[in-house]
Structure formats: structure tokens, C-alpha cells
Amino acid sequence: ATELAALVRRYEGVLQLSADSSVVQLEIEFAGLDGTPKLRATFDIADNYPFAPLGTCLDSFGEQVDVEHLRKLLIKNAKQGFGYLSRACSLIEAFAK
């Protein structure tokens with residue numbers, strides 16, 4: 001809960017329950033250097049977090065962002081365990097800039 005609260009404050013994210021109420025969704029928009037939104041990430045956080053892979057949906061806005069390359073980077077660098085979601089968000093933020 002502390003990690004989620006910190007991410008919501010840092011990235012101005014939105015926490016919500018999914019339609020089936022068994023998964024919490026965290027939605028964060030990442031901006032480029034000029035401040036315009038470039039990418040939206042939605043993370044599905046289940047009961048077994050942080051020891052199971054996150055369900056991640058990446059949507060790019062008007063600019064072309066190589067989402068497939070970003071997915072590969074997330075798989076390679078954001079390892080499961082405590083702080084998993086924070087590491088994933090930091091990686092996405094760096095990639096968006």
C-alpha cells in the first residue's frame with residue numbers, strides 16, 4: 001500500500017478497482033521532456049503482487065513510441081519482488097523522455 005500511495009503521488013496516477021473487483025488497476029500517464037503526455041500505462045495489480053508478473057497495458061498518444069521495445073525492456077529489467085512496480089514506472093518514465 002505504501003508503494004502504491006507513493007506512485008500515485010509521484011506520477012499523479014489513478015487507482016481503481018477493475019470490473020470484477022479482484023484486481024486493482026493503477027493508471028499513469030508519462031510525459032516527455034516538453035510536458036506533453038506520450039504514453040499511458042495501466043497496471044493490473046492482483047493479490048499475489050509483487051511475486052507474480054504485472055498485467056501491463058501500454059498505450060501511446062499522438063507521437064510514435066516503440067511500445068514493443070519498451071515491453072522487452074520491462075521484461076528484461078523490471079524484475080519481480082518488492083519495489084517491482086516502482087522499478088517498472090521508473091523504466092517507463094526514462095524511456096518516455
Side-chain angles (χ1 to χ4, degrees):
T2 305
E3 181 183 15
L4 291 176
L7 290 171
V8 167
R9 275 193 314 269
R10 180 176 180 188
Y11 298 107
E12 298 177 5
V14 177
L15 266 177
Q16 56 193 6
L17 285 175
S18 67
D20 63 0
S21 299
S22 65
V23 175
V24 174
Q25 291 182 329
L26 175 63
E27 184 176 298
I28 299 175
E29 289 186 4
F30 295 94
L33 291 175
D34 59 355
T36 60
K38 291 179 81 174
L39 186 71
R40 177 185 300 131
T42 305
F43 301 99
D44 293 333
I45 305 165
D47 292 340
N48 53 1
Y49 173 79
F51 301 109
L54 283 173
T56 306
C57 178
L58 300 171
D59 299 315
S60 64
F61 293 118
E63 292 186 27
Q64 292 296 329
V65 177
D66 191 358
V67 176
E68 289 306 314
H69 185 250
L70 179 57
R71 285 185 203 280
K72 290 177 185 177
L73 285 174
L74 281 171
I75 291 169
K76 183 178 178 181
N77 296 313
K79 299 299 181 188
Q80 300 168 10
F82 295 107
Y84 179 26
L85 193 54
S86 296
R87 287 190 299 276
C89 288
S90 295
L91 183 77
I92 294 170
E93 181 182 35
F95 188 83
K97 296 198 178 196

Side chain to side chain contact (heavy atoms under 4.5 Å, CB included) involving Q80 - partner list, sequence neighbours excluded
P53, Y84

N48 meets the side chain to side chain contact (heavy atoms under 4.5 Å, CB included) criterion, sequence neighbours left out, with A46, A52

Whether E3 and R10 form a salt bridge (side-chain N of Lys/Arg under 4.0 Å from carboxylate O of Asp/Glu) is what I want to check.
no

Pairs flagged by ring pair (Phe, Tyr, Trp, His ring centres under 6.0 Å) wherever residues 7-57 is involved - sequence neighbours left out:
Y11-F30, F51-F82

Roughly how far, to the nearest 0.5 Å, is the NZ atom of K97 from the CD1 atom of I92?
13.5 Å

Check side chain to side chain contact (heavy atoms under 4.5 Å, CB included) between L91 and all other residues, then give those that pass, not counting sequence neighbours.
L73, L74, N77

Rounded to the nearest 0.5 Å, the OG1 atom of T42 sits from the CG atom of D59 at a distance of 6.5 Å

Gap between atom CG of D66 and atom NZ of K72 - 0.5 Å precision:
8.0 Å

Is L39 linked to L33 within one hydrophobic cluster, defined over Ile, Leu, Val, Met, Phe, Trp and Tyr using a side-chain heavy-atom separation of less than 4.5 Å?
no

Residues which pass salt bridge (Lys or Arg N to Asp or Glu O under 4.0 Å) with R40, listed by chain and number, not counting sequence neighbours:
E27, E29

Set of residues satisfying side chain to side chain contact (heavy atoms under 4.5 Å, CB included) with respect to V14, sequence neighbours excluded:
Q16

In terms of hydrophobic clustering (I, L, V, M, F, W, Y; side-chain heavy atoms under 4.5 Å; direct or indirect links), are L54 and V23 co-clustered?
no

Closest non-hydrogen atom pair between S60 and V67, with its separation
CB-CG2, 4.2 Å

Can you find a pair of side-chain heavy atoms, one from L7 and one from S86, that are under 4.5 Å apart?
yes

Euclidean distance, C89 SG relative to L26 CG, rounded to 0.5 Å
6.0 Å

Backbone N or O of A96 within a donor-acceptor pair of the K38 side chain at under 3.5 Å?
yes

So CG of D44 and OG1 of T56: to nearest 0.5 Å the spacing works out to 7.5 Å

